[in-house]
Amino acid sequence: MTGYPYRFDRTAYARDLQERYTDLEPGSETTDEVRVAGRAMTTREHGKIAFIDLQDPTGRLQLFAQQAVLGDDGMESFKGVGVGDIIGASGVVMRTRRGELSVKVSDVTILAPCQRSMPEKWHGMTDVESRYRQRYLDLITNPEAQRIMKARIAMISSIRSFMEDRGFVEVETPLLQPIAGGAVARPFVTHHNALDIDLYLRIAPELYLKRLLIGGAEKVYELNRSFRNEGISTKHNPEFTMLEGYEAFVDWTDTMALVEDLVRATARAVNGTAELTIGDATIDLDEPFKRVTMFEAIEQATGRSMEKLWDDGDESGLRGAAEDLGVKIDPKWGLGKVLVEIFEQRVEKLLIEPTFVCGFPKEVSPLAKDHRSIRDFTEQADLLIAGLEIAPIYSELNDPAEQRLRFEQQAAARAAGDDEAQLPDEDFLEALAFGMPPAGGFGFGVDRLLAIFTGASSLREVILFPTLRPLD
RNA sequence: GGGUCGCUAGCUCAAUUGGCAGAGCAACUGACUCUUAAUCAGUAGGUUCGGGGUUCGAUUCCCCGGCGACCCA
């Protein structure tokens, strides 16, 4: 048996009472009995009266105790409530002479005592590391942490309803994969004992969602957690939330339009408006997103044109241009990788307004169809907002022979020392051989976009429990 | 990966040139019938992130390590 009560019948929440009794005059009392529950945030004792500020999920409400009402024992237990205790109280709604809506308590129960000292009531918890390690305290004491959690809930919920409205169905595909495909990243490895094989935590669900396209699903999405065994920064967490979606019979232009609408819908769900503040800039997401080629993006940012060098396959010219721009390049890299590095190091962070950069070198884009007009490019577009990569979009490659060739090129890059290059997935190639409809697909960085929407300085602010090094 | 900064009571923060390690909040005891960061009096609370060095003496200076924040690539 525990001394901790099993349940408490709540009949009212703080915000509801505040709204319902706005007209109640100071110093007046109703006969309306309510039962409220939450966490005691501050206590004030005045001899034969006492106050507690109660916090519930909707806000705060004052509890008012009088010895004349409660008697000696009742007053004793009211004063026995400590800061941080979870309590339930019943009484009538009243407003104090000083104008604070209160419950005049006739009974109070400690439902769960707080056995530790709560963070300082005025400053809350400010140490960033402590806030991440003890997020529950951050949530109790810092309204900002609450705001971001609610924003995340709104974002996730709006993503699902947006996708459902557009006729997509949500599916679940393996987290444990024998080959970690669908993206360029180092995976986490684990081991299955009964099968005695190594398995990888997925870096992306892409190749399984495409198998579903082959299986006849025409509009699918997976709101997924993926894992990448790489560095941690304000823009990277080892596990992160991504939306991936595929639609049969459309190409990248249709998918760009879809993603554009998705960004607007989620912004409205989170902020109630399509206006977005990034630093000093205000952006209206209802304006059409910009669309530029990678060459245009580089030229606008650096004043240097790469297009002719690329068309001519001018190796020394392109590498020279990279060096002129101060971009560190590896002599082993192919030209496509060099071009992308110029883009990533010199251009990406300047693209504040939502911009689709359309077309990526084939070398770094092994799962997208050939570009219809740019040589050795694919129909991959990346959506950038606030200088961050938010969403890659493809016309999905569905020619198994071409896909095999791309995997072979990746294998060659891997052999040359690029340990991020993708491994060939024979099982996926076999599936492709049965025919995958033409399709547009996208990945969507939920954490990053949420950080932009909420003005958070770091991904760790929008991930409730970011990955931390354990103490000791 | 490089640079800068930080780590002192449960929380928020002090500590003069290197000289007894402190305050507020929280906890505990008491006073107080309208407070709301209540107030007042009192009690208790420390491996100053860890290790080493210099020194009569180190929270303070030096070295190594840990954890974190910010900036840069």
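To find a chain, count down the sequence lines: A is the first, B the second, and so on, and within it residues start at 1.
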*Asks:* OP1, OP2 of B:A26 versus side-chain N and O of A:K121: anything below 4.0 Å?
*Replies:*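 Checking B:A26 against A:K121, a side-chain N or O does come within under 4.0 Å of OP1 or OP2.
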
*Asks:* Between A:I140 (CD1) and B:G10 (P), how many Å, whole number?
*Replies:*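 After rounding, the reported distance stands at 18 Å.
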
*Asks:* Ignoring hydrogens, what is the shortest heavy-atom contact between A:A301 and A:L350? Give both atom names and the distance.
*Replies:*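 In this case the closest contact between A:A301 and A:L350 is CB-CD1, 3.8 Å.
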
*Asks:* For A:R97, answer base if it contacts any base atom (sugar-phosphate contacts may also be present), sugar-phosphate if it contacts only those atoms, and nothing otherwise; contact means non-hydrogen atoms under 4.0 Å.
*Replies:*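 The answer is base, as A:R97 lies within the cut-off (heavy atoms under 4.0 Å) of a base atom.
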
*Asks:* Determine whether a donor-acceptor pair (N or O, by modelled atom type, separation under 3.5 Å) exists between the side chain of A:D56 and the backbone of A:A14.
*Replies:*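 The answer is yes, because a donor-acceptor pair under 3.5 Å joins these two groups.
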
*Asks:* Return the 5'-most residue of the pair A:R116, A:L468 with respect to RNA chain B, ranking by each residue's nearest nucleotide.
*Replies:*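 First, find each residue's nearest nucleotide; the 5'-ward one identifies A:R116.
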
*Asks:* In whole angstroms, how far is the C1' atom of B:A37 from the CZ atom of A:R60?
*Replies:*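 Rounding to the nearest Å, CZ of A:R60 and C1' of B:A37 are 11 Å apart.
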
*Asks:* Report yes or no: does A:T109 contribute a side-chain atom to a donor-acceptor pair with the main-chain N or O of A:L111 at less than 3.5 Å?
*Replies:*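 Judged by distance alone, no pair lies under 3.5 Å.
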
*Asks:* Rounding to an integer number of angstrom, what distance separates B:A44 and B:A23 when you compare their C1' atoms?
*Replies:*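 After rounding to an integer number of Å, I get 16 Å for this pair.
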
*Asks:* Determine the contact category for A:T126: base if any of its heavy atoms lies under 4.0 Å from a base atom, sugar-phosphate if only primed atoms, P, OP1 or OP2 are that close, otherwise nothing.
*Replies:*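 Result for A:T126 = sugar-phosphate.
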
*Asks:* Mind calculating the distance between CD (A:E45) and P (B:A26) to the nearest angstrom?
*Replies:*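 Atom CD in A:E45 sits about 11 Å away from atom P in B:A26.
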
*Asks:* Carefully, step by step, assess A:E260 and A:R291 under the rule salt bridge (Lys or Arg N to Asp or Glu O under 4.0 Å).
*Replies:* CA-CA 11 Å; A:E260 198 169 332; A:R291 283 167 171 71; 3.1 Å; yes

*Asks:* Quote, to the nearest angstrom, the C1' distance that separates B:A58 from B:G50.
*Replies:*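 Approximately 16 Å lies between the C1' atom of B:A58 and that of B:G50.
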
*Asks:* Starting at CZ of A:R44 and ending at P of B:C40, how long is that distance when rounded to a whole Å?
*Replies:*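 About 15 Å, once rounded to whole Å.
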
*Asks:* Expressed as a whole number of angstroms, how long is the span from A:E29:CD to B:C34:C1'?
*Replies:*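 Nearest whole value for this atom pair: 13 Å.
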
*Asks:* Between the protein and nucleotides 27-30 of chain B, list the N/O to N/O atom pairs that are separated by less than 3.5 angstrom.
*Replies:*
| from | atom 1 | to | atom 2 | distance (Å) |
| --- | --- | --- | --- | --- |
| B:A27 | OP1 | A:V83 | N | 3.2 |

*Asks:* Output yes when A:E29 and A:K104 qualify as a salt bridge under the 4.0 Å nitrogen-oxygen rule, no when they do not.
*Replies:*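 Yes, this pair counts.
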
*Asks:* With a 4.0 Å cut-off on heavy atoms, is A:T234 in touch with a base, just the backbone sugar-phosphate, or nothing at all?
*Replies:*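 A:T234: backbone/sugar contact only, no base atoms under 4.0 Å.
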
*Asks:* Among B:U36, B:C32, B:C34, which nucleotide sits nearest the side chain of A:K79?
*Replies:*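 Nearest listed nucleotide: B:C32.
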
*Asks:* Just call it for A:G27: base, sugar-phosphate, or nothing, with non-hydrogen atoms closer than 4.0 Å on any strand.
*Replies:*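 No contact.
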
*Asks:* If you assign A:G47 and A:R460 each to the RNA chain B nucleotide with the nearest heavy atom, which residue ends up on the more 5' nucleotide?
*Replies:*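 By nearest-heavy-atom nucleotide position, the 5'-most residue is A:G47.
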
*Asks:* Scan A:R133 against the nucleic acid and name what it touches under 4.0 Å (heavy atoms): base, sugar-phosphate only, or nothing.
*Replies:*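 Sugar-phosphate: the residue A:R133, judged by heavy atoms under 4.0 Å, touches backbone atoms but no base.
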
*Asks:* Check every strand shown and say whether A:K349 touches a base, only sugar-phosphate, or nothing at a heavy-atom separation below 4.0 Å.
*Replies:*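 Sugar-phosphate: the residue A:K349, judged by heavy atoms under 4.0 Å, touches backbone atoms but no base.
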
*Asks:* When you measure from the side-chain N and O atoms of A:R131 to the phosphate of B:A69, is any distance below 4.0 Å, counting only OP1 and OP2?
*Replies:*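 Looking at the OP1 and OP2 atoms of B:A69, neither is under 4.0 Å from any side-chain N or O of A:R131.
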
*Asks:* A:E120 has a side chain; which of B:C34, B:U36, B:C11 sits nearest to it?
*Replies:*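 Within the option list, the nearest is B:C11.
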
*Asks:* Say you pick atom P in B:A26 and the same atom in B:C63; how far apart are they, in whole Å?
*Replies:*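 It comes out at 41 Å once rounded to the nearest Å.
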
*Asks:* Which part of the nucleic acid, if any, lies within contact of A:Y132, taking any heavy atom under 4.0 Å across all strands shown: a base, the sugar-phosphate backbone alone, or nothing?
*Replies:*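 Sugar-phosphate: the residue A:Y132, judged by heavy atoms under 4.0 Å, touches backbone atoms but no base.
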
*Asks:* When the ring centroid of A:F377 is compared with that of A:W310, is the distance short of 6.0 Å?
*Replies:*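 Yes.
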
*Asks:* Using atom types as modelled and distance alone, determine if a side-chain donor or acceptor of A:N271 lies under 3.5 Å from a backbone N or O of A:R268.
*Replies:*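 Absent.
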
*Asks:* Between B:U60 and B:G22, how far apart are the C1' atoms? Round to whole Å, please.
*Replies:*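 Pairwise C1' distance, B:G22 against B:U60, rounds to 15 Å.
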
*Asks:* Tell me the stems RNA chain B sits in, counting at least three consecutive Watson-Crick or G-U wobble pairs, each under 3.5 Å on both distances.
*Replies:*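 Detected stem regions: B:1-7 with B:66-72, B:10-13 with B:22-25, B:27-31 with B:39-43, B:49-53 with B:61-65.
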
*Asks:* Please give the distance between the C1' atoms of B:G45 and B:A21 as a whole number of Å.
*Replies:*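 These two C1' atoms come out 13 Å apart once rounded.
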
*Asks:* Test salt bridge (Lys or Arg N to Asp or Glu O under 4.0 Å) on A:D107 and A:R35 and set out the steps.
*Replies:* CA-CA 9 Å; A:D107 188 61; A:R35 295 171 60 80; 5.6 Å; no

*Asks:* Quick one: sort the A:F51 and A:F64 rings into parallel, tilted or perpendicular, breaks at 30° and 60°.
*Replies:*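 Rings of A:F51 and A:F64: parallel, under 30°.
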
*Asks:* For the pair A:R225 and A:E239, find out whether any cationic side-chain nitrogen is under 4.0 Å from an anionic carboxylate oxygen.
*Replies:*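 Here A:R225 pairs with A:E239 in a salt bridge, since their nearest N and O are under 4.0 Å apart.
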
*Asks:* Between P on B:A37 and NE2 on A:H46, what's the gap in Å once rounded to a whole number?
*Replies:*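 These atoms are roughly 11 Å apart.
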
*Asks:* Answer yes or no: are there more than 12 heavy-atom neighbours, outside A:K79 itself, under 6.0 Å from its atom NZ?
*Replies:*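 Above 12, so yes.
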
*Asks:* With rounding to whole Å, what would you report as the distance between B:G66 and B:G30 at their C1' atoms?
*Replies:*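 It works out to 45 Å between them.
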
*Asks:* In whole angstrom, give the distance that lies between atom CD of A:Q66 and atom C1' of B:C34.
*Replies:*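 It is 9 Å, rounded to the nearest whole Å.
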
*Asks:* For atom P, what is the distance between B:G24 and B:U39, given to the nearest Å?
*Replies:*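 Their P atoms lie roughly 11 Å apart.
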
*Asks:* Could you please name the option among B:C34, B:A38, B:G68 that lies closest to any side-chain atom of A:E129?
*Replies:*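 It is B:G68.
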
*Asks:* Using the C1' atom in both, what is the distance from B:C20 to B:U4, to the nearest Å?
*Replies:*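 These two C1' atoms come out 35 Å apart once rounded.
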
*Asks:* A:F188 ring centre to A:R202 NZ or CZ under 6.0 Å, with the angle to the axis within 45°?
*Replies:*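 No.
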
*Asks:* A:D127 has an atom CG; how far is it from atom P of B:C5, in whole Å?
*Replies:*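 These atoms are roughly 18 Å apart.
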
